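Reading through the structure tokens given below for one structure.
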Protein chains: 2
Amino acid sequence: MNIENMKSQMRKGMLEFCVLLQLAKGDAYASEIITKMKEAHLIVMEGTLYPLLTRLKNDGLLCYRWEESPSGPPRKYYSLTQSGREFLFHLESSWHELEKSVNHLLQSHDNQNTEIQ
Amino acid sequence: MNIENMKSQMRKGMLEFCVLLQLAKGDAYASEIITKMKEAHLIVMEGTLYPLLTRLKNDGLLCYRWEESPSGPPRKYYSLTQSGREFLFHLESSWHELEKSVNHLLQSHDNQNTEIQ
DNA sequence: GGATAGTACTTTGTATTGCAAAGTACCGTG
DNA sequence: CACGGTACTTTGCAATACAAAGTACTATCC
């Protein structure tokens with residue numbers, strides 16, 4: 001197990017959350033989401049995102065419409081449903097809890113380091 | 001997919017990091033780690049932790065020694081190796097990056113809400 | 001109008017891994 | 001020596017991230 005592998009592990013499970021967050025900012029199609037996530041330094045692969053979007057759609061959190069592209073094949077624009085918005089609200093709480101838990105562990109660790117040195 | 005399932009997804013991938021953080025605070029055996037993690041509101045199951053500790057050991061990040069228990073079977077106390085400490089250092093950076101990325105997404109989302117209302 | 005490049009969505013196969021559940025084993029107590 | 005508590009291990013399953021290959025639409029170039 002290398003550091004890259006572990007970083008990818010850390011990204012796991014955050015993906016749904018981040019994708020929903022992106023869509024909360026506005027409708028988007030898959031390739032667009034990939035690009036935006038990359039800009040936020042969150043790498044996600046095609047083979048990951050497409051099935052993920054389908055799962056979220058099947059769970060009623062997303063819906064989509066087809067739109068023509070100025071150049072190329074038509075695009076599948078996804079948008080949050082009401083249920084998706086509510087779900088995202090709960091996820092934000094979960095994220096803040098997780099953040100708090102991890103940073104609590106981190107802080108004790110840092111304190112210990114300070115005491116040692 | 002329900003909220004509980006999703007929260008568990010969000011915990012995934014954080015586990016290695018949190019276990020290493022726990023061990024940075026002092027040697028511990030599996031059941032002890034489970035208890036401490038639970039106190040930090042991070043649930044982890046036996047069937048998850050034991051293989052995880054074995055993986056980290058096989059990767060040279062951890063080592064262990066047997067110690068007798070005042071009551072019950074002997075305990076396998078795990079401790080960080082030097083390599084484990086270095087690894088943890090990198091993981092802390094990764095965590096802060098992830099935290100920053102997610103909170104950046106969150107912030108734009110909140111701003112948007114503010115603008116709308 | 002056929003070949004090519006670019007964009008976008010889909011599918012398949014593999015490996016990882018979290019979890020539940022069952023299993024093994026050690027110890028002290030009555 | 002049976003039992004309850006503690007602790008570690010193993011097995012089977014399901015979810016899923018990813019790589020890679022495939023399909024399909026559009027515009028451009030010759």
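What you see is a predicted model; the values in this text were computed from it and never measured. Chain identifiers are assigned alphabetically (A, B, ...) following the order of the sequence lines, protein sequences preceding nucleic acid strands; residue numbering begins at 1 within each chain.
- Spacing between atom CE of M10(B) and atom C1' of dT16(D) amounts to 17 Å, rounded to whole angstrom units.
- Of the two residues near DNA chain D, V44(A) and P74(A), the one whose nearest nucleotide lies more 5' is V44(A).
- In the set dG6(C), dC19(C), dA19(D), the nucleotide with an atom closest to the side chain of R11(B) is dC19(C).
- Of the candidate nucleotides dA21(D), dG18(C), dT9(D), dA21(D) has the atom nearest to the side chain of E46(A).
- A side-chain donor-acceptor contact under 3.5 Å links S101(A) to the backbone of A40(B).
- Within the nucleic acid shown, S31(A) comes within 4.0 Å of sugar-phosphate atoms alone, with no base atom in reach, counting heavy atoms only.
- In the displayed structure, H41(A) atom NE2 is contacted under 6.0 Å by at most 12 heavy atoms of other residues, nucleotides or ligands.
- Here the side chain of M45(A) is nearest to one of dA7(D), dG18(C), dA19(D), namely dA19(D).
- Note on Y29(A): every side-chain N or O is 4.0 Å or more away from OP1 and OP2 of dC9(C).
- If you take CD1 of I34(A) and C1' of dC18(D), they are 12 Å apart, rounded to a whole angstrom.
- In this structure, S69(A) does not reach the dT7(C) phosphate: none of its side-chain N or O atoms is under 4.0 Å from OP1 or OP2.
- Counting to the nearest Å, the C1' atom of dT16(C) and the CG atom of L56(B) are 14 Å from each other.
- The side chain of R75(A) places no N or O atom within less than 4.0 Å of a non-bridging phosphate oxygen (OP1 or OP2) of dT26(D).
- Rounding to whole angstrom units, CD of residue E32(A) and C1' of dC9(C) are separated by 15 Å.
- Distances from the side chain of W66(A) to the nucleotides dC18(D), dG18(C), dC9(C) place dC9(C) closest.
- Residues C63(B) and K57(B) form no side-chain contact, since every pair of their non-hydrogen atoms from C-beta on lies 4.5 Å or further apart.
- Here the side chains of L98(A) and M14(A) are in contact, with some heavy-atom distance below 4.5 Å.
- In this structure, L53(A) places its CG atom 13 Å from C1' of dA8(C), rounding to the nearest Å.
- Between the CG atom of L62(B) and the C1' atom of dC8(D) there is a distance of 16 Å, given to the nearest Å.
- Cation-pi contact between K76(B) and Y29(B): absent, since separation from the ring centre below 6.0 Å together with deviation from the ring axis within 45° is not met.
- OP1 and OP2 of dT16(C) both lie 4.0 Å or more from every side-chain N or O belonging to Q9(A).
- Listed pair Y50(B) / dA7(D) fails the phosphate criterion, with no side-chain N or O lying under 4.0 Å from OP1 or OP2.
- Here T48(A) reaches the OP1 or OP2 of dC18(D): one of its side-chain N or O atoms lies under 4.0 Å away.
- When the P atom of dT26(D) is taken as reference, atom CD of E68(A) falls 7 Å away, rounded to whole Å.
- By the 4.5 Å heavy-atom criterion applied to side chains, T81(B) and L62(B) are not counted as neighbours.
- With dG18(C), dC9(C), dA17(D) as the choices, the nucleotide that has an atom nearest any side-chain atom of L52(A) turns out to be dA17(D).
- Here the side chain of R55(B) is nearest to one of dA20(C), dG18(C), dC18(D), namely dG18(C).
- Mapped onto DNA chain D by nearest heavy atom, P73(B) and L15(A) fall at different nucleotides, with P73(B) at the one closer to the 5' end.
- Atoms CG (D59(A)) and C1' (dT16(D)) sit 14 Å apart, rounded to a whole Å.
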